[in-house]
Protein chains: 4
Amino acid sequence: MNESAAGSVPPVLPGKEEAILQAAGRVFGRRGYHGSSIADVAAEAGVATGTIYLYFRRKEDLLIRLFQRSLQEYLESSRPLLAQAAAGEERLTRLVELHLEFFARDPDRARVFQIHLREVAPVLRDGITPTLREYVAIIDEVLRDGQAAGEFDAGLDLRLARHLLFGGLNEVVVSWLHADGRFELRDCAPACAAMLGRAFRRS
Amino acid sequence: MNESAAGSVPPVLPGKEEAILQAAGRVFGRRGYHGSSIADVAAEAGVATGTIYLYFRRKEDLLIRLFQRSLQEYLESSRPLLAQAAAGEERLTRLVELHLEFFARDPDRARVFQIHLREVAPVLRDGITPTLREYVAIIDEVLRDGQAAGEFDAGLDLRLARHLLFGGLNEVVVSWLHADGRFELRDCAPACAAMLGRAFRRS
Amino acid sequence: MNESAAGSVPPVLPGKEEAILQAAGRVFGRRGYHGSSIADVAAEAGVATGTIYLYFRRKEDLLIRLFQRSLQEYLESSRPLLAQAAAGEERLTRLVELHLEFFARDPDRARVFQIHLREVAPVLRDGITPTLREYVAIIDEVLRDGQAAGEFDAGLDLRLARHLLFGGLNEVVVSWLHADGRFELRDCAPACAAMLGRAFRRS
Amino acid sequence: MNESAAGSVPPVLPGKEEAILQAAGRVFGRRGYHGSSIADVAAEAGVATGTIYLYFRRKEDLLIRLFQRSLQEYLESSRPLLAQAAAGEERLTRLVELHLEFFARDPDRARVFQIHLREVAPVLRDGITPTLREYVAIIDEVLRDGQAAGEFDAGLDLRLARHLLFGGLNEVVVSWLHADGRFELRDCAPACAAMLGRAFRRS
DNA sequence: GATGAATGAGGGTTCATTCAT
DNA sequence: CATGAATGAACCCTCATTCAT
């Protein structure tokens, strides 16, 4: 009835699984993972409760797949854009911009990633870590390339630097969610990038 | 039965309310807020379920009070120690040390603060924000005093700087929790402080 | 799913909602509203606890709907029978007969209406009053028509007369319930009607 | 500490048991029997929860004793007043007046008797029936004396007549409670007595 | 007698998950 | 594939009752 031949036109044309995932993103974003029922998601997706279980084994899977799909999409689109920027601060700046842009584009996603995913994460470790590790690798690469280019301090503890970058930016995102539209997330990129650039810079 | 003659050192001396709070800290830390039942907490505290409700009105209150008590304790002990350090990087270093030390001392607390409190936070906003705001004020003061002392950049966006500091350090804590004892959290302080110092430094 | 081809006689044909309602009638009648648990009702209806909540939002609703359904059924069947009787004492007698017959037919219902509904009533006021008001209107009409026909005293305080009629008959029902089958409720109709007729009669 | 030698001054000087009973009357009247907790009653009485159990074995006992005390008081004060009135309609009128006056004087008591006592009644049968039977005897006597005096119909079914009287008046009381002060209960006595008088009168 | 902290069974309600249609 | 009624375990919370002080 739907799904159908996707033909050439790129990604969209939901398909029921995609529709459910998007519905879950909206519902979890609004009410939180624990505050949402499968029935809520089904209603938002316009399908029956049971239908969810044709595509997802457990409620958790909705969260895991939501995370995976979103992050993979992000990683794929980011990689070429990052490569275009010169190694070092320029590329770091690009990374910061992309990271913030990713969440600015979809507040519900931001809420799920930054807020609701956290408590559940320990349980879902296996579903989440592999995908996350890819992003970790990218960040580390940006930092290492910056070192190789002579812009970043060679003595940097890469793991700590990455946490600072990742955690710092995410906190900015969270503050933006709490601020509820009172400032533009994208506008924070330059100042964030500047501070992080100095943090990593060769002294 | 409990309480009893305290001898000299005043501080601990459970008392049932304190015992319950500590039990909640351990249980929530282990299984998460949503994964723990009031019965779990009661069992851990060695009291009956109903007893919890003699001291706490709702399950949420356990989390709120746990947060408030912990953070307030931390704030009170930190303030004098911070004041002893010279404004600027030295004091920033002290702040980083205290922050990490706070969580290093009690992994269960770290889990509750860094992981489980997040999703619930939106609901508990009123119980949490006021206390948190005090910490925010302290961080801001460290940054401002550093500016006044001529060590930190006067043009710094304080809000963003604070998020970087706070979010960055917390991510280090989370990574430490995930690492499950494979490194010493306190050891991260120097490198973190160094990076943050450079990030805020006058160029 | 059930319901099925009814053949000719339309009326019963449970349906799960109806089955639950009937079960609730029996259970409440036996143990009282406060003495019955949802689990009791579910067991009596042969369904799972959760199933009750597919058809009724709260425990109260069982009582309200039980009341409404019963009384409406009664009102609909009574109206034409009342209209057939001549205004005045004849119609009053018919009313008394119908009222007593209504409870005589189903002691559990009588217990719920006369005994268990009372305490709960204040809380359920909104659910009960509208339906009850219809019966009030019918009684008043019987009295007024009797006045118009010149049989009942024109100076009658209709409200008080109605309370006497309604409360008096209900007390007879209650006494019958307490007597536990030691007399036939229907047999009380003539004497009751006679007394009430005299009470309202033009002197 | 209290209770003490009552000396001559009549009934009052509460005493703790009396104070608790009065508190229970107010609390049950306001929130209903099932809506009130022992703690509520204790708070209203200004004693500790446990104290209740020094005077009353179970929660039910509060209700039973409340009923017994109230009704006995009423019976004792009514008997002489009834005796003063001439047998027949005059005494019936007096009975109606006393009955309504009894409830008009204390709406909380009216609520407990007319509303909250009902559902609980079946369980409390043994505690309530004996006392109630005394009132039944009084009513029957009024009716029988009226028959003997030649005013009331000798063929009257006494039991039914009593139910009509008792239930009818109680319904008037209930309607007064629901009306929440919009009319004066005592004012209903004449019309009620008139109707009942006609109902029982020799034709 | 009086207290009130403590108990723990019990009840209403929700919701992830299943399965007959 | 899709449905959505049905399930029943689980959980929060209340409260009558007890008992050590």
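Throughout, a chain's letter reflects where its sequence line sits, starting with A, and its residues are numbered from 1. Owing to the predicted nature of the structure, the values given are computational and were not obtained by experimental measurement.
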Knowing that exactly one of B:Arg111, B:His116, B:Arg118 qualifies, which makes a side chain to side chain donor-acceptor pair (under 3.5 Å) with B:Gln114?
B:Arg118
Are the side chain of A:Asp61 and the backbone of A:Arg57 linked by a donor-acceptor contact shorter than 3.5 Å?
yes
Would you say the side-chain atoms of B:Tyr33 pair up with the backbone N or O of B:Val112, donor to acceptor, closer than 3.5 Å?
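Between the backbone of B:Val112 and the side chain of B:Tyr33 there is no qualifying donor-acceptor contact (under 3.5 Å).
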Can you tell me the distance, in whole Å, between the [atom1] atom of [X] and the [atom2] atom of [N]?
{"X": "C:Phe56", "N": "F:dA5", "atom1": "CZ", "atom2": "P", "value": "14 Å"}
{"X": "A:Leu62", "N": "E:dC15", "atom1": "CG", "atom2": "C1'", "value": "14 Å"}
{"X": "D:Ile52", "N": "F:dC19", "atom1": "CD1", "atom2": "C1'", "value": "17 Å"}

How does protein reach along nucleotides 10-18 of chain F, written 5' to 3' as B (base within reach of a heavy atom under 4.0 Å), S (only sugar-phosphate), or - (no contact)?
--SBB-SBB
Any side-chain N or O of B:Lys16 below 4.0 angstrom from OP1/OP2 of E:dA6?
yes
Side-chain N or O of C:Tyr55 versus OP1/OP2 of F:dA6: is the shortest distance under 4.0 Å?
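Result: yes.
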Restricting to non-hydrogen atoms, name the atom on A:Ile38 and the atom on A:Leu62 that form the minimum distance, rounded to 0.1 Å.
CD1-CD1, 4.0 Å
How close do C:Tyr53 and C:Thr49 get, heavy atom to heavy atom, and via which atoms?
CD1-O, 3.8 Å
Quick one: side chains of residues 123-130 of chain C, donor-acceptor pairs under 3.5 Å with protein atoms, not counting sequence neighbours, listed by atom name and distance.
from, atom 1, to, atom 2, distance (Å)
C:Arg125, NH2, D:His178, ND1, 3.4
C:Thr129, OG1, C:Arg125, O, 2.6

Any stem touching DNA chain F, meaning at least three consecutive Watson-Crick or G-U pairs under 3.5 Å, ordered by first number, would be E:2-21 with F:2-21
Does D:Gly46 or B:Ala48 map to a spot on DNA chain E nearer the 5' end, using the closest nucleotide for each?
D:Gly46
Is a salt bridge present between C:Arg31 and C:Glu44, judged by a nitrogen-to-oxygen distance below 4.0 Å?
no
CZ/C:Arg26 to CG/C:Asp106 distance, rounded to the nearest 0.5 angstrom?
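Output value for this atom pair is 9.5 Å.
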